[in-house]
Amino acid sequence: PYAWEYCEPEMTPYGWQYKGASNLGKLHRMLTRIGMIRRRKKDVLKDLPKKRRYVVPLDLGNRKEYEAAKGDFINWLHRQDASKAERASKAEKITQMAYLKRLAAMGKLKGVFDWVDSFLEESDDKLLIGCMHHSVIDALHKRYNNISLTFSGKTAEKDRRKVIHEFRKNPKRRIIIGQIQAIGTGVDGLQSVACTSAVVELPWDPGTLGQFDDRIHRIGQNRDVSIYYLVAKGTLEETLCKILQDKQEVLTRTLDGEDHVKGMSIDIYDKLEQELLRSKK
């Protein structure tokens, strides 16, 4: 069966778990044999400039609150909103991860502001910023109100082209703050004016992140592209960053036919939960 062959089965006190990845070279050969055709960007767009990725660690300004939510989540949330705490108790771990992710994003905003300020001072280029939560988008837009535009799920369909056009044509609009899910697909033209992006909040999967990165790394780009991941130190963001790298490696090895990978978990919630448990010991 597929799970036994390719998902690194492991016996646990709760029965067999299939959360790993194995025999990826064999899986690649099988997929190719039944009709998969793989075309990599670097093979078909040979003149496309290089894309470089950098992880930038930032300090957390709300460390005490973050650690309280990390150590005893339900009681922490109960102090914020008793009704939310009651609902969260039905799916505590997943809810806790979502809250910690948001707390980390808000807690590192000073560091994000400092990084963006430095970019604006040291360069005349434009900047694409990627976020997940509206609260983070709003905080950034408030800080850079006169020089920024926003593009999110709240942006009306009729206004989306106007926002992209304004960013491209107006030299005073140096920043576009995009919700990663909204701006990550179906948007073209950013590559003509920007070659740098900053990811303030990481999504849950590498595919979504890759789509966002490629808004400025596509046909029409004539400069090397730099992607900066602004990650809060000592938080689940660090773990999520590593998980996304692992998941991308599994995808790459499956699609490109790399060697066997053993014992690599691809269950994101499982890994994050393990990190939470380790932190409580």
### Query
What heavy-atom pair brings H217 and L48 nearest, and what distance separates the two atoms?
CE1-CD2, 3.4 Å
### Query
Taking NZ, NE, NH1 and NH2 as the nitrogens, is one of them in D214 or K51 under 4.0 Å from a carboxylate oxygen of the other?
yes
### Task
Verify the cluster assignment for M106 and Y99: are they in a single hydrophobic cluster under the rule of side-chain heavy atoms below 4.5 Å apart?
no
### Message
What I'd like to find out is whether the side chain of L209 reaches to under 4.5 Å of the side chain of L202, using heavy atoms alone.
### Response
yes
### Query
What pairs with R87 under side chain to side chain contact (heavy atoms under 4.5 Å, CB included), at least two apart in sequence or on another chain?
S83, K84
### Shared hydrophobic cluster for L149 and I164 (ILVMFWY, side-chain gaps under 4.5 Å)
yes
### Task
For the residue pair W76 and E65, establish whether any side-chain heavy-atom pair is separated by less than 4.5 Å.
yes
### Task
Please tell me if the side chains of F167 and L128 come closer than 4.5 Å, counting only heavy atoms from C-beta onward.
no
### Message
Around atom NE2 of H78, are there more than 12 heavy atoms from other residues, nucleotides or ligands closer than 6.0 Å?
### Response
no
### Query
Is the backbone N or O of K162 less than 3.5 Å from a side-chain atom of D159, with the two atoms forming a donor-acceptor pair by type?
no
#### Entry: Closest non-hydrogen atom pair, T150 against T155
O-OG1, 3.9 Å
#### Entry: Atom pair NZ (K126) and CD1 (I147), whose distance is rounded to the nearest 0.5 Å
10.5 Å
### Task
May I ask you to decide if I227's main-chain N or O and R52's side chain share a donor-acceptor pair within less than 3.5 Å?
no
### Task
Not counting sequence neighbours, which residues clear side chain to side chain contact (heavy atoms under 4.5 Å, CB included) with Q221? List them please.
P49, Q191, C195, I216, R223, V225
### Task
Mind checking the CD1-CD spacing from I243 to E237? Nearest 0.5 Å is all I need.
12.0 Å
### Message
If you define the side chain from C-beta out and look only at heavy atoms, does anything of R168 sit under 4.5 Å from S192?
### Response
yes
### Query
Y228: what forms a ring-ring contact (aromatic ring centres under 6.0 Å, His included) with it, not counting sequence neighbours?
Y54, W115
#### Entry: Inter-residue atom distance I74.CD1 - E86.CD, 0.5 Å rounding
10.5 Å
#### Entry: E201 and I129, any side-chain heavy atoms less than 4.5 Å apart
no
### Message
Measuring only between side-chain heavy atoms, which start at C-beta, is V136 closer than 4.5 Å to V112?
### Response
no
### Task
Check whether any side-chain heavy atom of K101 sits under 4.5 Å from a side-chain heavy atom of L240, and report yes or no.
yes
### Message
Nearest 0.5 Å, please: how far is CD1 in I175 from CZ in R173?
### Response
10.5 Å
### Query
Does one hydrophobic cluster hold both M97 and L77, with members joined at side-chain heavy-atom distances below 4.5 Å?
yes
### Message
For H165, is the NE2 atom crowded, meaning more than 12 foreign heavy atoms sit under 6.0 Å from it?
### Response
no
#### Entry: Flag, side chain of K108 to backbone of V200, donor-acceptor distance under 3.5 Å
yes
### Query
Could you give the distance from CG (N145) to CG (L140), rounded to the nearest 0.5 Å?
12.0 Å
#### Entry: Closest non-hydrogen atom pair, L109 against A139
CD1-CB, 3.7 Å
### Query
Rounded to the nearest 0.5 Å, how far apart are CD of Q181 and SG of C131?
10.0 Å
### Task
Looking only at non-hydrogen atoms, find the nearest pair between T95 and A88 and report the distance.
CG2-CB, 3.7 Å
### Summary
Between P203 and I180 the two heavy atoms that sit nearest each other are CD-CD1, 4.1 Å
### Summary
For A182 and G153, the nearest pair of non-hydrogen atoms, with its separation, is CB-N, 3.8 Å
### Message
As a test of understanding, state which of H141, K142, R143 forms a side chain to side chain donor-acceptor pair (under 3.5 Å) with S148.
### Response
H141
#### Entry: Test: D114 and K110 ion pair at under 4.0 Å
yes
### Query
Are L120 and L127 close enough that some pair of their side-chain heavy atoms sits under 4.5 Å apart?
no
